[in-house]
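A quick write-up on the structure given underneath.
Heavy atoms only: backbone and side chains are in, while hydrogens, waters and symmetry mates are out.
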Number of protein chains: 2
Amino acid sequence: MPKLGAEPIRKAALINAAIFEVGMAGSLDVTVAQIARRAGMSPALAHHYFGSKEKIFLAAMRYILRTYGQSVRDVLPGRGARGRLDGIVRASFAPQNFQRETVSAWLNFYALSFVNKDAGRLLRVYHQRLRSNLIVALRGLTDHPERTADTLGALIDGVYLRAVLTPGPTDAADAENTIMSYLEEALA
Amino acid sequence: MPKLGAEPIRKAALINAAIFEVGMAGSLDVTVAQIARRAGMSPALAHHYFGSKEKIFLAAMRYILRTYGQSVRDVLPGRGARGRLDGIVRASFAPQNFQRETVSAWLNFYALSFVNKDAGRLLRVYHQRLRSNLIVALRGLTDHPERTADTLGALIDGVYLRAVLTPGPTDAADAENTIMSYLEEALA
DNA sequence: CCTGTTCTTGATTGGTTAGTCAATTAACGT
DNA sequence: ACGTTAATTGACTAACCAATCAAGAACAGG
């Protein structure tokens, strides 16, 4: 039933399905058939629109990155250095970004950057942008913004990891608390 | 050439090879053939000694855990809470435990705990023991040892993640510095 | 020697999966 | 009506891989 203009809808469905399946499985070892079935279509159609499994993964990575970047941008124009800092942290644990499957998928995409050049580039851009945002926000709040930004970045990754590793629903409030407590100590 | 007593040697070689290959690939998606070739034997022999690929992975996990536990135990009888705390941290970044392939393999084994019950149990034991060791060491150094221990645990995981993600050789000194700086601030 | 045991592997099997292709269906413009 | 184009899939293939097995090779003890 060729209703025209299916492509963007199908692609979006596949990206969502890929994130869900990867997040669910906790591994990139999911088949195109799984993703396609979850997205309500045949594996052949998934290949038709994306060409390869890697390209599906890359699109999913870009999607997560774009979503996260948007939530940060939504909150950055807040006034004051401390306001921006809190904004970045809050964005990192906002519901859209802190769904278990999203976080799990994101961590698993880290692994993709080992074998795939484009994935590596995406990840580097993300890390660099986060670092730069944090440094700017930390200026004036501490004497060593670089060191604090690096520690904060690592801590966020670690909290992500633990959130995914812990069974049961992810607890965004708890995660955010851990980060905020650290900031209290670091900026005292 | 059946020189008697090959089993422990072969098993050790396979465990090392598995850690190396998983660490190298940044993924559990390595074949038994790869592992066996790296260990200098046929895939059939690997199956003969371990029975399945999962069992090789589990043995590798246990090996990493045992090695880490030993380095902690070697250092714990040091006197003073602060000495013990530093000891645990130092053990976490000791050369045997902080080789790129080892850390990478360890993080990838996290993923195994999603699908494999035994791997999940191993991981939980490790996390619980680390947490408990940290809490004991932190008692007397801070008013909220639990919170600090959890933050510290997450930070170590995050630093592991970043060390592996950063190209080039892993920098143990830098990693240890990050943790120590955090402790300065947290225990001030 | 000979016999049993350990060690070792080539060959094979059964199952899985990414990716291709030809054919079908249905909208759209003319 | 009709030809063009987008959407869609079933069937297929080529590759890969975990696991099995039967058989060979080498040593120890008697």
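- Here D:dA7 presents its C1' atom at 16 Å from CZ of A:Phe50, a figure rounded to the nearest Å.
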Spell out protein contact along nucleotides 9-21 of chain D as letters: B when the base is contacted, S when just the sugar-phosphate is, - when no protein heavy atom is under 4.0 Å; keep the 5' to 3' order.
BB------SSBBB
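- Salt-bridge formation is detected for the pair B:Arg82/B:Glu184: a Lys NZ or Arg NE/NH1/NH2 atom is positioned less than 4.0 Å from an Asp or Glu carboxylate oxygen.
- Contacts classified as side-chain hydrogen bond (donor to acceptor under 3.5 Å, both in side chains) and involving residues 89-101 of chain B (residues at least two apart or in different chains) are given here: B:Tyr68-B:Ser92, B:Ser71-B:Asn97.
- With the end axes of the helix from C:dC1-D:dG30 to C:dT30-D:dA1 each set by five pairs, the angle from one to the other reads 0° at 10° resolution.
- For B:Ala105 against B:Ile64, the heavy-atom pair with the smallest separation is CB-CD1, 4.4 Å.
- Of all non-hydrogen atoms in A:Ala59 and A:Ile15, the two that sit nearest each other are CB-CD1, 3.8 Å.
- The residues A:Arg37 and A:Glu21 are annotated as not salt-bridged, no charged nitrogen and carboxylate oxygen being separated by less than 4.0 angstrom.
- What separates CG of A:Leu14 from C1' of C:dG19 is a distance of 15 Å, to the nearest Å.
- What separates CD of A:Glu7 from P of D:dT8 is a distance of 10 Å, to the nearest Å.
- Partners of A:Glu7 by salt bridge (charged side-chain N to carboxylate O under 4.0 Å, His left out), not counting sequence neighbours, listed by chain and number: A:Lys11.
- With sequence neighbours left out, the salt bridge (charged side-chain N to carboxylate O under 4.0 Å, His left out) criterion links A:Arg131 to A:Asp150.
- Phosphate proximity of D:dA6 to A:Tyr49: absent, as no side-chain N or O sits under 4.0 Å from OP1 or OP2.
- In this structure, the CD atom of A:Glu21 is 12 Å from the P atom of C:dA18, given to the nearest Å.
- Residues that satisfy the salt bridge (charged side-chain N to carboxylate O under 4.0 Å, His left out) test with A:Lys53, not counting sequence neighbours, are absent from this structure.
- Atom CG of B:Asp29 and atom C1' of C:dT17 are 12 Å apart (whole Å).
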